[in-house]
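Keep in mind that the numbers below use all heavy atoms, side chains included, and drop hydrogens, waters and symmetry copies. Counting convention: from 1, in listed order, for ligands and their atoms alike.
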Amino acid sequence: MIKLIRGFRDILPGQVELWQDIESKARVLLENFGFREIRLPIMESTELFARGIGADTDIVEKEMYTFPDSKGRGQTLRPEATASVVRSYIEHGYAGSDPVQKFYTIGPMFRHERPQKGRYRQFYQINAEMFGVASPLADVQIMYLLHLFFTGLDVPDVVTHVNSLGCPECRPKFREALISFVSDKMDRLCSDCQRRAEANPLRVIDCKVPGCKEAVQGAPSIQDHLCPDCKEHFQAVIEGLDDLNVPYEIDPRLVRGLDYYTRTTFEVQTTLLGAQNAVAGGGRYDGLVKVLGGKETPAIGFAVGFDRLAALLGAEEKDFTVPPALFIAALGEDARKIAFGWLCDFNARGLRAEMDYEGKSLKSQMKQANRFNAGRVLILGENELQNGMAVLRNMNTKEQEEVALDGLTDRVAALINQG
Ligand code: ATP
Ligand code: MG
């Protein structure tokens, strides 16, 4: 038997209905906020991610699925969406027409990391990006949207952590302070952190290895190093969140270890998913459009981890199958023919109906109707056929009524639509 590749998985019917529900709510909300869908390829040139995410990040160092094309040029299955959205924003010249643009995209991402609960090699994200607005209003709006999304879905136990990463003005001083803080703790850090402590000390703070977490307790806080402009921006974001009653926690340890991430950064965390505690992450990246070859353009965005969100809503324990409104049980060749005509008619009207195609006994057809959890069963046997009446049974109330064969689908459809 050929099986799934490790770290990959199937989202099966029963779960997929929940995914569809989440996705359609996300679309409605994002579109209400003025975000427009953009569909991007899942493969891009490797250089886009190497530059867009940063060479000394976990993703680029060790998690990318990269293949050479026939000429040996590197191409990579996208590990995230932001770099692709920025590429597209630049490539289609949005900056020239109206630099203020809001996009969203939903789809699979690929990272070659160690598979475990909540961590897959193909996973899905709901991604939103807003370009051209430097004002803290953008940050507030993005975080408000995310808050509405999670509360609208009744996601249990989520907290938005927020921080500022400063800007090219104030970050270097913070970096220095961090480097000198970690320099005498090197022997307590993991080998990755030892290597990157100099080049990217922010990532040491971000490291999930328990020893590193311990070692950086008491590290200097970026909050104490923000320049006046960054401080003012952060203050405005916090006030905006307060005004809109968005709950948050200021978390000076929350970082994204990339140079072009600036100012506001946030993560939605839960305690219900074990070690994989982040369900969404995002922040400002005012430097990225320029890094990827466009004009300097402020931008901010987020990515929701779809798989983890679905898990939080019970995807792995509950069955989200939507039962059919009707099961048609027909006995005998003639009855089955008529029943099939009805089935097609109901389906064409947009009602989900099912029947037995194989000529099973009435008893086993009723069992099948129960398995489907059908709301109603329509029974057509030889007697009914002779009398010109079918029997419609409501499976919840157990009430039965006779329905004339003539004009039956109109009558039954009307009853179903009444509830
Ligand atoms: P983590 O710290 O859990 O590795 P991350 O910082 O790498 O997350 P981001 O790049 O910020 O994640 O992606 C946004 C969201 O995508 C995460 O908050 C998470 O919910 C989800 N995500 C990231 N990697 C995976 C994965 N391998 N499998 C499932 N979901 C993931
Ligand atoms: Mg990761």
* Which heavy atom of the protein is the closest neighbour of atom 8 (O) of ligand 1, given with residue, atom name and distance? -> Arg308 NH1, 4.4 Å
* Test Tyr260 against Tyr285 for ring-ring contact (aromatic ring centres under 6.0 Å, His included), laying out the working first. => CA-CA 6 Å; Tyr260 16 81; Tyr285 50 92; 8.9 Å; no
* Looking only at protein heavy atoms, identify the closest one to atom 21 (C) of ligand 1 and say how far it is in Å. => Gly305 CA, 3.6 Å
* Asked: Less than 4.5 Å apart, any side-chain heavy atom of Cys170 and any of His225?
  -> no
* Select the closest option to atom 12 (O) of ligand 1 among Arg111, Met109, Glu267, judged by heavy-atom distance. => Arg111
* Which residue supplies the protein heavy atom nearest to atom 2 (O) of ligand 1, what is that atom called, and how far is it? -> Lys208 NZ, 3.4 Å
* Euclidean distance, Phe110 CZ relative to Ile59 CD1, rounded to 0.5 Å -> 14.0 Å
* **Arg119 N/O under 3.5 Å from ligand 1 N/O** => yes
* Asked: Is the NZ or CZ atom of Lys185 both under 6.0 Å from the centre of the six-membered ring of Phe181 and within 45° of that ring's axis?
  -> yes
* Asked: Between atom CD of Glu44 and atom OG of Ser88, what is the distance when rounded to the nearest 0.5 Å?
  -> 8.5 Å
* Nearest to atom 29 (C) of ligand 1 by heavy atom, Pro115, Ala278, Gly118: which? -> Gly118
* **Atom pair CZ/CD1 of Phe346 and Ile328 - distance to nearest 0.5 Å** => 5.5 Å
* Ile142, Val237, Asn163 screened by side-chain contact (heavy atoms from CB on, under 4.5 Å) with Thr264, the one that passes -> Val237
* Closest protein heavy atom (residue, atom, distance) for atom 11 (O) of ligand 1 -> Arg256 NH2, 2.8 Å
* Structure fact -> Looking at Phe110, Tyr124, Phe306, Phe123, the heavy atom closest to atom 25 (C) of ligand 1 belongs to Phe123
* At what distance is the nearest protein heavy atom to atom 28 (N) of ligand 1, and which residue and atom is it? -> Tyr120 N, 3.0 Å
* To do: Measure from atom 6 (O) of ligand 1 to the protein's non-hydrogen atoms and state whether any distance is below 4.0 Å.
  => no
* **Option set Glu63, Gln125, Gln269, Arg114, criterion heavy-atom distance to atom 14 (C) of ligand 1, minimum** => Gln125
* State whether Tyr120 and Arg9 meet the cation-pi test: NZ (Lys) or CZ (Arg) under 6.0 Å from the six-membered ring centroid, and within 45° of the perpendicular axis. => yes
* Give a yes/no on ligand 1: does Arg121 have at least one heavy atom closer than 4.0 angstrom to it? => no
* Starting from atom 27 (N) of ligand 1, locate the nearest protein heavy atom and write down its residue, its atom name and how far away it is, to 0.1 Å. => Glu113 OE2, 2.7 Å
